[in-house]
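Working notes, structure below.
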Amino acid sequence: MIRKPETIAFRWGRLPHWEVVDGRYFVTLHLSGAIPEQGQERIHQRSEELHRLPADDLEGRPRISRHIFAEMEAWLDRAPQRTDLQDPAIAKMVMEAIDFQQQRDWNMFEFVVMPTHLHLFFEVLRGSLKTVMEQFKRWTGHQAGKLLDLDGGRFWQDEWFDHWSRSDEEAERTTQYIRRNPEKARLVSRYLDWPYGSWQTVSSREPSGSRSGEASRTQA
């Protein structure tokens, strides 16, 4: 099913951010400094390309948005500058924060905590995407600062990459992408063996209309 929800808000930072009615959001948040300056500049250049496109360019905008995401993921995989999220205490704290907000601020369909970044796929239950993400970042960043003794240093990057799911098929691709991330990074041979994902908790919920999660777990 294709969704064409009403846009609630759109804003620019170094990256574009959309908010839509009843949106299902795929959000990637990475550690501050995890991508070197060269990578940040390339991502910013791609973002500027997107900024220059007309708002009604429905082919060019998704294409460049995918390029921005691919560029970001490539830098996170090949040139990590920080890997604090692989610390079991930090990863557990982040997972507990995700679970705490489940059914309060968001309905989390799928997530994975990677060494340098975090993938989230959810729908907002109250407030806005911006409010929910800033609240999550603030609390987890504060807790991580105490655990790592950052002494005022930043834990998360200022901005996150977000993309809203336009169909059940896209929701399924997003779910599978998140699950396969630990395998792609060669951290485990089966995603089910990675200890820092929604498959290790009871908090994840399948998007309506999707039975993929049940089937995948049965086959595994």
Side-chain angles (χ1 to χ4, degrees), residues 11-19 23-36 39-40 43-44 46-47 65-66 68-87 89-102 104-125 127-145 147-148 150 153-165 174-175 177-182 184-185 187 194 196-198 201 203-204:
R11 61 189 178 83
W12 277 97
R14 288 179 68 89
L15 293 171
H17 302 280
W18 281 270
E19 298 211 24
R24 297 174 180 177
Y25 299 101
F26 177 31
V27 174
T28 298
L29 177 62
H30 65 80
L31 296 173
S32 175
I35 298 178
Q40 293 284 3
I43 292 169
H44 180 61
R46 287 286 193 180
S47 182
S65 185
R66 288 193 296 269
I68 292 172
F69 179 76
E71 184 82 35
M72 178 180 62
E73 285 284 278
W75 282 103
L76 288 170
D77 287 343
R78 73 174 179 241
Q81 305 293 296
R82 287 182 63 180
T83 57
D84 296 329
L85 287 169
Q86 70 183 357
D87 182 321
I90 300 296
K92 181 181 178 182
M93 177 272 293
V94 170
M95 290 176 70
E96 288 175 348
I98 291 171
D99 191 58
F100 178 78
Q101 290 187 229
Q102 175 71 1
R104 292 177 174 85
D105 302 309
W106 56 34
N107 182 25
M108 186 64 61
F109 302 129
E110 207 78 35
F111 73 84
V112 65
V113 182
M114 298 292 286
T116 61
H117 60 287
L118 176 65
H119 288 307
L120 306 168
F121 180 38
F122 62 94
E123 60 184 353
V124 176
L125 298 181
S128 66
L129 174 63
K130 182 176 184 292
T131 300
V132 167
M133 286 303 301
E134 287 179 345
Q135 177 180 317
F136 175 78
K137 283 181 58 186
R138 184 165 51 250
W139 194 88
T140 53
H142 178 69
Q143 297 303 312
L147 290 170
L148 297 171
L150 294 179
R154 288 190 304 165
F155 182 68
W156 296 114
Q157 186 72 12
D158 283 343
E159 287 191 80
W160 56 86
F161 179 92
D162 58 70
H163 172 78
W164 57 271
S165 176
T174 297
T175 297
Y177 182 88
I178 291 174
R179 291 176 182 172
R180 301 306 177 191
N181 226 230
K184 174 174 168 283
L187 297 170
W194 182 244
Y196 310 127
S198 48
T201 75
S203 63
S204 62

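Because only heavy atoms are used, hydrogens play no part in the values below, and waters and symmetry mates are left out as well, while side chains stay in. Given the structure is predicted, the values throughout are model-derived calculations rather than measurements.
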How many angstroms lie between atom [atom1] of [X] and atom [atom2] of [Y], to the nearest 0.5 angstrom?
X    : Y    : atom1 : atom2 : result
W139 : M93  : CH2   : CE    : 6.5 Å
F136 : T131 : CZ    : OG1   : 15.0 Å
Y196 : L187 : OH    : CG    : 10.5 Å
L150 : H142 : CG    : NE2   : 11.5 Å
D105 : I98  : CG    : CD1   : 12.5 Å
S128 : Q135 : OG    : CD    : 10.5 Å

Please examine the side chains of [Y] and [X], heavy atoms only from C-beta on, and report whether any two atoms are closer than 4.5 Å.
X    : Y    : value
W194 : N181 : no
R24  : T174 : no
L85  : M114 : no
F26  : L120 : no
L147 : D87  : no
F111 : D99  : no
H117 : L29  : no

State which residues pass side-chain hydrogen bond (donor to acceptor under 3.5 Å, both in side chains) with Q143; sequence neighbours excluded, sorted by chain then number. none

For a side-chain contact (heavy atoms from CB on, under 4.5 Å) check, start with the C-alpha distance between L31 and W156, then their side-chain angles and the critical distance, and finish with the verdict. CA-CA 4 Å; L31 296 173; W156 296 114; 4.2 Å; yes

Any donor-acceptor pair under 3.5 Å from [X] side chain to [Y] backbone:
X    : Y    : answer
R82  : S32  : yes
E110 : S198 : no
K137 : D158 : yes

For this output row, return yes or no: ring centroids of W106 and Y25 closer than 6.0 angstrom. no

For Y177, what residues pass the ring-ring contact (aromatic ring centres under 6.0 Å, His included) criterion, not counting sequence neighbours? F69, H119

With sequence neighbours excluded, tell me which residues meet salt bridge (charged side-chain N to carboxylate O under 4.0 Å, His left out) with R138. none

Residue pair T140 / A97: nearest heavy atoms and the distance that separates them: CG2-CB, 3.5 Å

Does NZ belonging to K92 count more than 12 external heavy atoms closer than 6.0 Å? no

Derivation and outcome, side-chain contact (heavy atoms from CB on, under 4.5 Å), residues I178 and F109: CA-CA 10 Å; I178 291 174; F109 302 129; over 6 Å; no

